[in-house]
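Have a look at the structure below before the remarks.
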Amino acid sequence: MTIKIHKNYIAGEFISSDHLFDNINPIDGSLISRVAEADQAMVDKAVLAAVKASSGEWSAISLSERCKILRKIADGIDARFDEFVEAEIADTGKPYKHASKIDIPRGAENFRFFSDLAKTVSTECFEMDTPDGNGALNYAIRKPMGVIAVIAPWNLPLLLLTWKLAPALAMGNCIVAKPSEETPGTATLLAEVIHDAGVPSGVFNLLHGFGPNSTGEYLTKHEDIDAITFTGESATGSEIMRVAAKDVKSLSFELGGKNAAIIFEDADFEAAIEGTMRSVFSNCGQVCLCTERVYVHESLFEKFVLELKKRAETLIENWPEGQSMNLGPLISQEHRKKVLDCFNRAIDEGGKLITGGGVPKFSDTRKAGSWVEPTIFTGLGEETSLLTDEVFGPVCHISPFSAENEVIDTLNSTKYGLAAAIWTKDLQRGHRVSRQLEVGVVWVNTWFLRDLRTPFGGIKLSGIGREGGLHSLDFYSELTNICIKL
Ligand code: NAD
Ligand code: 6OD
């Protein structure tokens with residue numbers, strides 16, 4: 001059987017490289033494909049192609065033409081929907097339902113949404129008085145920033161790549177993008193779709209490779225990159241920020257989280273359980289918004305822990321193609337080791353293991369995959385590592401609380417600030433508590449319900465800036481004010 005090679009896409013051509021690395025299926029450890037790592041020379045070539053294209057046709061063609069092309073890209077994803085789903089599942093092992101209902105449709109929707117938004121967005125205009133009485137008129141225009149490096153993670157590969165690409169392209173920028181080394185599949189398919197949609201050569205370039213001492217580092221260090229938009233770990237963000245400081249590049253960062261859910265005594269119990277199951281275990285806990293800290297009012301604590309345990313134990317770690325699987329593997333053996341170390345540390349620190357904590361037993365080739373059991377702990381103090389550090393796996397710790405102000409303080413006492421979920425039937429409380437939480441996104445009686453127009457991002461170690469709707473268009477364009485004396 002011939003093994004597929006994922007190539008780089010530079011200046012309109014698909015190019016391999018001297019160094020190929022393996023792309024491993026986390027379901028069973030099998031080899032899916034080989035990936036062409038882009039070296040320094042290829043990074044230079046891609047950036048040069050983008051620089052040339054940015055002074056050429058892309059920013060010069062009309063906005064409505066650009067938006068038509070974005071919609072063509074969305075249609076191109078739809079036309080190859082099954083291939084995209086298959087590639088996303090192969091790279092991540094996630095359930096068919098997740099890839100076909102969330103990852104791929106959102107990947108296409110990001111292009112349609114930003115195409116529509118870019119066509120309707122206005123800029124500011126201010127009339128001002130002047131001493132001669134004639135006044136002046138100020139108006140702002142949006143210009144492209146130039147060449148943008150887009151660096152994406154592996155957890156929602158197509159969704160998070162296109163979430164950045166679509167607004168950046170809509171605003172007339174040229175792109176050099178790097179998907180995660182773990183998930184090259186849908187990014188390569190996207191390059192084919194972009195090519196076929198008629199995007200001029202050099203406007204979009206795709207490079208495969210790793211981070212440090214590899215493609216990611218060469219790209220973020222490149223002096224002809226004007227802005228970096230990055231989603232990934234907080235520590236990586238910090239390193240990219242250090243490297244980007246020299247040229248004072250613009251940065252947009254979506255980073256890690258240690259998100260909490262609060263279940264108040266007046267919550268709809270079934271809705272809170274169902275929502276917490278989703279927020280803890282979706283995508284095997286590998287969504288930046290996933291809940292890892294659950295605070296339950298003391299009057300419900302025992303009942304909640306028992307019910308969550310019961311439901312967690314019914315999760316099905318099957319092969320992804322069927323409808324039955326609802327919990328996939330972790331992305332890699334390396335990540336599994338990190339997650340299992342977190343479980344073991346929690347036990348060493350005195351945590352009470354309610355369920356899981358280990359590796360599921362399989363009698364087929366899944367034995368070689370990166371699986372862990374859905375896991376719940378109780379009994380740990382706020383200073384322990386399971387309560388302070390992001391795990392990014394299918395695990396939560398449940399703590400009881402008695403008073404609203406106490407749980408708000410506890411929830412805020414973390415170095416992260418991405419998302420929170422509150423479960424209560426009292427909407428006054430919903431409003432009151434939400435505004436006191438030090439996070440970028442609060443959900444009340446739901447989780448991961450997304451309106452793409454809303455600001456999305458985190459505070460503290462969880463990120464810099466906001467994406468979504470106008471916030472994305474603002475980041476991906478340079479506003480220039482023009483002041484005309486009348
Ligand atoms: P990661 O930081 O390891 O890697 C992300 C990307 O950065 C990859 O493409 C990687 O190759 C690249 N990279 C790594 N080091 C680099 C360097 N020094 N220079 C340039 N590029 C480099 O993150 P991950 O493991 O892929 O993703 C999981 C993390 O992402 C979790 O912490 C999760 O919370 C976070 N995340 C955050 C959001 C959000 O919206 N806030 C969304 C998804 C994931
Ligand atoms: O829904 C989105 O737009 C988004 N950026 C989700 C991020 C999820 C993190 O894993």
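For ligands, and for the atoms within them, numbers begin at 1 and follow the listed sequence.
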Check ligand 1 against [X] and write out every atom of the ligand that is under 4.0 Å from a heavy-atom position of the residue.
X      : answer
Phe456 : 40 (O)
Pro179 : 9 (O)
Phe210 : 11 (O)
Phe230 : 2 (O), 5 (C), 6 (C), 7 (O)
Leu418 : 41 (N)
Glu217 : 19 (N), 20 (C)
Leu160 : 42 (C), 43 (C)

Checking side-chain polar atoms at under 3.5 Å, does [X] have a donor or acceptor matched by the opposite partner on [Y]?
X      : Y      : value
Asp91  : Thr183 : no
Thr215 : Lys178 : no
Glu349 : Ser385 : yes
Ser370 : Arg336 : no
Asn155 : Asn283 : no
Lys164 : Thr231 : yes
Asp103 : His98  : yes

Indicate yes or no: does [X] engage [Y] in a salt bridge with an N to O separation below 4.0 Å.
X      : Y      : value
Arg242 : Glu239 : yes
Arg345 : Asp341 : no
Asp474 : Arg142 : yes
Glu292 : Lys258 : yes

When you measure from [atom] to every protein heavy atom, which one gives the shortest distance, and what is it?
atom                    : result
atom 35 (C) of ligand 1 : Gly232 O, 3.2 Å
atom 40 (O) of ligand 1 : Glu254 CB, 3.2 Å
atom 27 (O) of ligand 1 : Pro153 CB, 3.4 Å
atom 6 (C) of ligand 2  : Phe456 CZ, 3.7 Å
atom 13 (N) of ligand 1 : Gly211 CA, 3.5 Å
atom 8 (C) of ligand 2  : Cys288 SG, 3.1 Å
atom 12 (C) of ligand 1 : Ile151 CG2, 3.7 Å
atom 28 (C) of ligand 1 : Phe392 CE2, 3.6 Å

Just to be sure I'm reading this right: ignoring hydrogens, which of [options] gets closest to [atom]? Compare them by their nearest heavy atoms.
atom                    : options                        : answer
atom 15 (N) of ligand 1 : Asn283, Thr236, Thr183, Leu461 : Thr236
atom 9 (O) of ligand 1  : Ser238, Gly216, Ala152, Ser462 : Ala152
atom 39 (C) of ligand 1 : Ala149, Cys288, Ser180, Gly256 : Cys288

For ligand 1, find out whether one of its N or O atoms is nearer than 3.5 Å to an N or O atom of [X].
X      : answer
Leu255 : yes
Trp154 : yes
Asn155 : no
Glu181 : yes

TODO: Check Thr231 against ligand 1 and report side chain, backbone, both or neither, counting heavy atoms closer than 4.0 Å.
DONE: both
Task: Within reach of ligand 1, part of Glu390 (heavy-atom separation under 4.0 Å) - done: side chain
Open item on the list: Test salt bridge (charged side-chain N to carboxylate O under 4.0 Å, His left out) on Asp78 and Arg112; report intermediate values, then the result.
Closed with: CA-CA 12 Å; Asp78 287 351; Arg112 293 201 174 93; 2.7 Å; yes
Task: Under 3.5 Å: N/O of Gln286 near N/O of ligand 2 - done: no
Could you list the atoms of ligand 2 found under 4.0 angstrom from a heavy atom of [X]?
X      : value
Leu160 : 4 (C), 5 (N), 6 (C), 7 (C)
Leu156 : 8 (C), 10 (O)
Arg450 : 1 (O), 2 (C), 3 (O)

Open item on the list: Could you walk me through whether Glu88 and Lys94 satisfy the salt bridge (charged side-chain N to carboxylate O under 4.0 Å, His left out) test, starting with their C-alpha distance in whole Å, then the side-chain angles of each, then the deciding distance to 0.1 Å, before giving a yes or no?
Closed with: CA-CA 8 Å; Glu88 205 75 304; Lys94 65 177 71 191; 5.4 Å; no
Task: Residue pair Leu20 / Arg34: nearest heavy atoms and the distance that separates them - done: O-NH2, 3.4 Å
TODO: Measure centre to centre between the rings of Phe113 and Trp163, then say whether the value is under 6.0 Å.
DONE: no
- [ ] Establish, yes or no, whether a centroid distance under 6.0 Å links the rings of Trp154 and Phe392.
- [x] yes
Task: Main-chain N/O of Val294 paired with His397 side-chain donor or acceptor, under 3.5 Å - done: no
Open item on the list: Tell me whether ligand 1 is touched by Pro212 - counting only heavy atoms on the residue side and a distance under 4.0 Å.
Closed with: yes
- [ ] Using side chain to side chain donor-acceptor pair (under 3.5 Å) as the criterion, point out the one residue from Ser16, Ser17, Ser214 that pairs with Glu37.
- [x] Ser214
TODO: With heavy atoms under 4.0 Å as the rule, classify the contact between Asn155 and ligand 2 as side chain, backbone, both or neither.
DONE: side chain
Open item on the list: Strictly inside 4.0 angstrom of atom 23 (O) of ligand 1, do you find any protein heavy atom?
Closed with: yes
